[in-house]
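Proteins get letters first, then strands, A, B, ... in listed order; numbering begins at 1 in each. Computation of the quantities below employed the complete heavy-atom set of this structure, encompassing side-chain atoms and omitting hydrogens, waters and symmetry-equivalent molecules.
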Number of protein chains: 2
Amino acid sequence: MPVHDHQLHEGESLREAARERLTRQGEQWTGMREAVFDALAGFDKPASAYDIAEAVSKAQERRVAANSIYRILDLFVGANLARRVESANAYVANTHPDCLHDCIFLICDQCGQAVHIDNDRLTGGVRDAAKEAGFTQTRPVIEVRGTCGDCDPN
Amino acid sequence: MPVHDHQLHEGESLREAARERLTRQGEQWTGMREAVFDALAGFDKPASAYDIAEAVSKAQERRVAANSIYRILDLFVGANLARRVESANAYVANTHPDCLHDCIFLICDQCGQAVHIDNDRLTGGVRDAAKEAGFTQTRPVIEVRGTCGDCDPN
DNA sequence: CAATGCAATGTTATGTTGTAACTTGTCCTC
DNA sequence: GAGGACAAGTTACAACATAACATTGCATTG
Ligand SMILES: [Zn+2]
Ligand SMILES: [Zn+2]
Ligand SMILES: [Zn+2]
Ligand SMILES: [Zn+2]
């Protein structure tokens, strides 16, 4: 269970929370951004920028270049609407965009599913260790590659 | 300081330790593998497969394809002679190939330097959290992006 | 209402990272 | 010297990411 309380959103509610958050940052919630967010949230596993480009292209019946997707994903990550999964070169929608903290991702090497867990004790420990080594403006990347319970039902 | 004791190697001693380790695994220590290891160990920061291909090409005065480098790097990572830094798409030589454990990398966004720290309490905690979530055969990826003390001397 | 400025997006090109498939070379064994 | 096993070479391409510049649409203002 999470170490702290926060609201997890899904579907319509998630999009609303994302829109709220982005506009509150002084950024616009455009049709294109909504389309990208919907596509991203529609995936059940981390999606690459090209996956998203394909999904948006299909939804809009026109070609959307990966380029534009990257721009919007960068914006989303900066605004905490999405997270980048470094070990998968892929992105996931953030189900609690109002809650600013470090996430831990567990990624299944078999099925590609990613589980998101929160543990401030662990992430705080990693931050502290980096600080102790003289690092500032730290951004922890904590992920675990492995096999999920569904893929290895022992 | 490291939580456990182990020998850190460098230069000739490091290459020896790597050769020892690899051959003990039943793999061959070929000229090509030595060249790749030397090139990798010669970098003062994480090097991409293409960086290494270039270095080896220069050292051997012939073109070596990145392809071959990837094969050898995969072997090295599997044998604990090298580590992949996921958030940098790059590799570093492992200075203690005989010591099997999870490493934490701190990578400076400014200068690219990577510092390697060990903290079994933290990495163990991450492993435990993954296990609790039903994941098996786990391989933690714990890295911190930030600014190193040299680049931000406050 | 033109003219201007600005942010978002489109377009094209190219750079970087990573794999796949097949071939060649080398060494060992029979 | 034929055959097998493994390392490495070669070529081609897939996947991921960014750079540079053009276009669009909308708001401001003279
Ligand atoms: Zn949370
Ligand atoms: Zn799975
Ligand atoms: Zn160690
Ligand atoms: Zn630095």
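- Following chains of ILVMFWY side-chain contacts shorter than 4.5 Å, one cannot reach A:Phe105 starting from A:Ile117, and the two form parts of different hydrophobic clusters.
- Nearest nucleotide to the A:Ala65 side chain, out of D:dA8, C:dT11, C:dG10: C:dT11.
- For C:dT9, one of the phosphate oxygens OP1 or OP2 lies less than 4.0 angstrom from a side-chain nitrogen or oxygen of A:Thr30.
- Residue ring and nucleobase are stacked for B:Tyr50 and C:dT17, with a centre distance beneath 5.5 angstrom and an angle between planes beneath 30°.
- To the nearest angstrom, C1' of C:dA7 lies 12 Å from CD1 of A:Ile72.
- In this structure, B:Glu143 does not pair ionically with B:Arg145, as no charged nitrogen and carboxylate oxygen lie closer than 4.0 Å.
- With D:dC6, D:dG9, C:dA8 as the choices, the nucleotide that has an atom nearest any side-chain atom of A:Glu27 turns out to be C:dA8.
- Ring-plane geometry between A:His96 and A:His116 is classed as tilted, the angle between the planes lying from 30 to 60 degrees on a 0 to 90 degree scale.
- The CG-P distance, from B:Leu22 to D:dC6, rounds to 15 Å in whole Å.
- Contact check, B:Arg63 against D:dG9: no side-chain N or O comes under 4.0 Å of OP1 or OP2.
- The listed nucleotides are D:dC6, C:dG18, D:dG9; the one nearest the side chain of B:Met32 is D:dG9.
- Between the CG atom of A:Asp51 and the P atom of D:dA14 there is a distance of 16 Å, rounded to whole Å.
- Contact annotation: B:Ser48 reaches the phosphate of C:dT17 (side-chain N/O to OP1 or OP2, under 4.0 Å).
- A:Arg71 comes within 4.0 angstrom of a base, heavy atoms only.
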Starting from the C-alpha separation in whole Å, work towards a yes-or-no answer on salt bridge (charged side-chain N to carboxylate O under 4.0 Å, His left out) for B:Glu34 and B:Arg19. CA-CA 8 Å; B:Glu34 179 165 297; B:Arg19 192 184 59 68; over 6 Å; no

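- Comparing D:dC6, D:dT10, C:dT17 by their closest approach to the side chain of B:Asn67 singles out D:dT10.
- Not one side-chain nitrogen or oxygen of A:Asn89 sits closer than 4.0 Å to the OP1 or OP2 atom of C:dT17.
- Contact annotation: A:Ser68 reaches the phosphate of C:dG10 (side-chain N/O to OP1 or OP2, under 4.0 Å).
- Contact between the side-chain N/O atoms of B:Arg84 and the OP1/OP2 oxygens of C:dG18 is found at a separation under 4.0 Å.
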